Amino acid sequence: MMSQKKIFLILLAVSTVSLLLHQGGHLSWPMEVFRQICPSINSPQIGRPVKHTNVVFLKTHKTASSTVQNIFFRFAERNNLTVGLPVTQCDHQFCYPRLFSSHFVHPHTLPPNIVTNHLRFSRSELQRLMPNNTIYITILREPGAMFESLFSYYNQYCDSFKRVPNGSLEAFLDNPWAYYRPEEKDSMYARNTLTFDLGGDKDRPHADLERYAKRFAAEVEYTFSLVMIAEFFDESLVLLRHLLSWDLEDVLYIKQNMRMPSSKDNLSEAQLHKIRDWNAIDVALYKHFNATLWKQLKELGLSCVDKEVKLLRHAQEQMVRGCYGGNLPRLRSAAEITNRELRPWQPSSKVAIVGYDLPINASKESGMSQDMCLK
Ligand SMILES: *[C@@H]1O[C@H](CO)[C@@H](O)[C@H](O)[C@H]1NC(C)=O
Ligand SMILES: *[C@@H]1O[C@H](CO)[C@@H](O)[C@H](O)[C@H]1NC(C)=O
Ligand SMILES: *[C@@H]1O[C@H](CO)[C@@H](O)[C@H](O)[C@H]1NC(C)=O
Ligand SMILES: *[C@@H]1O[C@H](CO)[C@@H](O)[C@H](O)[C@H]1NC(C)=O
Ligand SMILES: *[C@@H]1O[C@H](CO)[C@@H](O)[C@H](O)[C@H]1NC(C)=O
Ligand SMILES: *[C@@H]1O[C@H](CO)[C@@H](O)[C@H](O)[C@H]1NC(C)=O
């Protein structure tokens, strides 16, 4: 028998959703209602589920992971959690590309609830460090687009790319072995970067590739409860929120660390084909986890996922408008950003990484704090 309470909650959810979608307004709404939209498979009990606070987010390179990291940083701060940060010698990545070691974590940040800086994944070392109920999450991006992004971002850093005449992606793809040295510094940005970040072997010989990729994907699936897919970012966030029993407002974001569209190369089918050949293990991983993602989305129910995605986008727009005096912000080059704290790092003169400026007091009217907007 469907209880009256259940029916009431469903009706309440439906009417609130339509109210929000049609009316807009401010950011405060009864978050309890959202939990009823997609009944969570993980926490079927009635009442407020406890939010998970112990998480490793493996931050992969050039995959929209800075945007996810920002979500974790803000959640940690709001909930007074400890974020494990690298010791000074490790820089902002945990001594990447070295395999992660628990010695890389600054003693002032022990024991951590959340680890979300770049690192090369080592399951045993993270398990040694983290509480035993830690949830592992990462994000993958379609290897064609990802490689174009890596090539442009690390053009002046990675020797395999620096050697290429005229910095031409075309030239690299025509004969990668002329430029690539598997053992040298920063070579991980030039081949199977996802596999490398996950702790795998980026240079597995071709003869063994299929078997290896299969085994490696199974290993990753065993450890990671959620592998997000950058091309389905909002859908991935819905899964994240359910997995961690977080509220919708915990996963609101604003995109970070993007390039100007003019800095992006538009790839031909032939180029994409060559990239995928060169990064075959990453391609196998991506295919595997894209399928896994859609399986998980179906389990949650595609129609309720769709509703949550719409709500997320709506809430996001309200948040952003609230911060910008009712407008949507314009993407700006670093030079145009007056607030130094908001200037994105520029990897080279050839790529423009864009960001936002935050006009002082623009959020006043909406009652949102400048501090929240800044973060
Ligand atoms: C935050 O956590 C620290 C360390 O666990 C504790 O000392 C402090 O009182 C907490 N602050 C709040 C506001 O909960
Ligand atoms: C997890 O850690 C807690 C506290 O340290 C311990 O009591 C519990 O037995 C551990 N659980 C498992 C499954 O290892
Ligand atoms: C590099 O660019 C120069 C000038 O545009 C051109 O003449 C040359 O052929 C290019 N080299 C390669 C290998 O593409
Ligand atoms: C790629 O296409 C986009 C959209 O059509 C365009 O804005 C951009 O300038 C193009 N990039 C290059 C390098 O041609
Ligand atoms: C990912 O999976 C979805 C659902 O099966 C499919 O529609 C989509 O084409 C896949 N994307 C890629 C890039 O493989
Ligand atoms: C922002 O608001 C504060 C407090 O009302 C005011 O003192 C300050 O002058 C304002 N700044 C600007 C740039 O408008």
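As the structure is a prediction and not an experimental result, all values here were calculated from the model. One-based numbering, in listed order, for ligands and for the atoms of each.
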Distances only, to 0.1 Å: what are the N or O pairs between ligand 5 and the protein that fall under 3.5 Å?
residue, atom, partner, partner atom, Å
ligand 5, 2 (O), Asn290, OD1, 3.3
ligand 5, 2 (O), Asn290, ND2, 2.3
ligand 5, 11 (N), Asn290, ND2, 2.9
ligand 5, 14 (O), Asn290, ND2, 3.4

Checklist entry - What residues form a side chain to side chain donor-acceptor pair (under 3.5 Å) with Lys375, not counting sequence neighbours? => result Glu77, Asp371
Item to check | Output field: ring centroids Phe104/Tyr96 closer than 6.0 Å | outcome: no
Checklist entry - Is any NZ, NE, NH1 or NH2 atom of the basic residue among Asp159 and Lys162 found under 4.0 Å from an Asp or Glu carboxylate oxygen of the other? => result yes
Checklist entry - Taking only residues at least two apart or on different chains, which pairs with a member in residues 93-136 satisfy disulfide (SG to SG under 2.5 Å)? => result Cys90-Cys95
Next on the checklist: Please report whether the ring centroid of Phe73 lies less than 6.0 Å from that of Phe57.
Outcome noted: no
Item to check | Counterpart residues, disulfide bond (SG atoms under 2.5 Å apart), relative to Cys158 (two or more places apart) | outcome: none
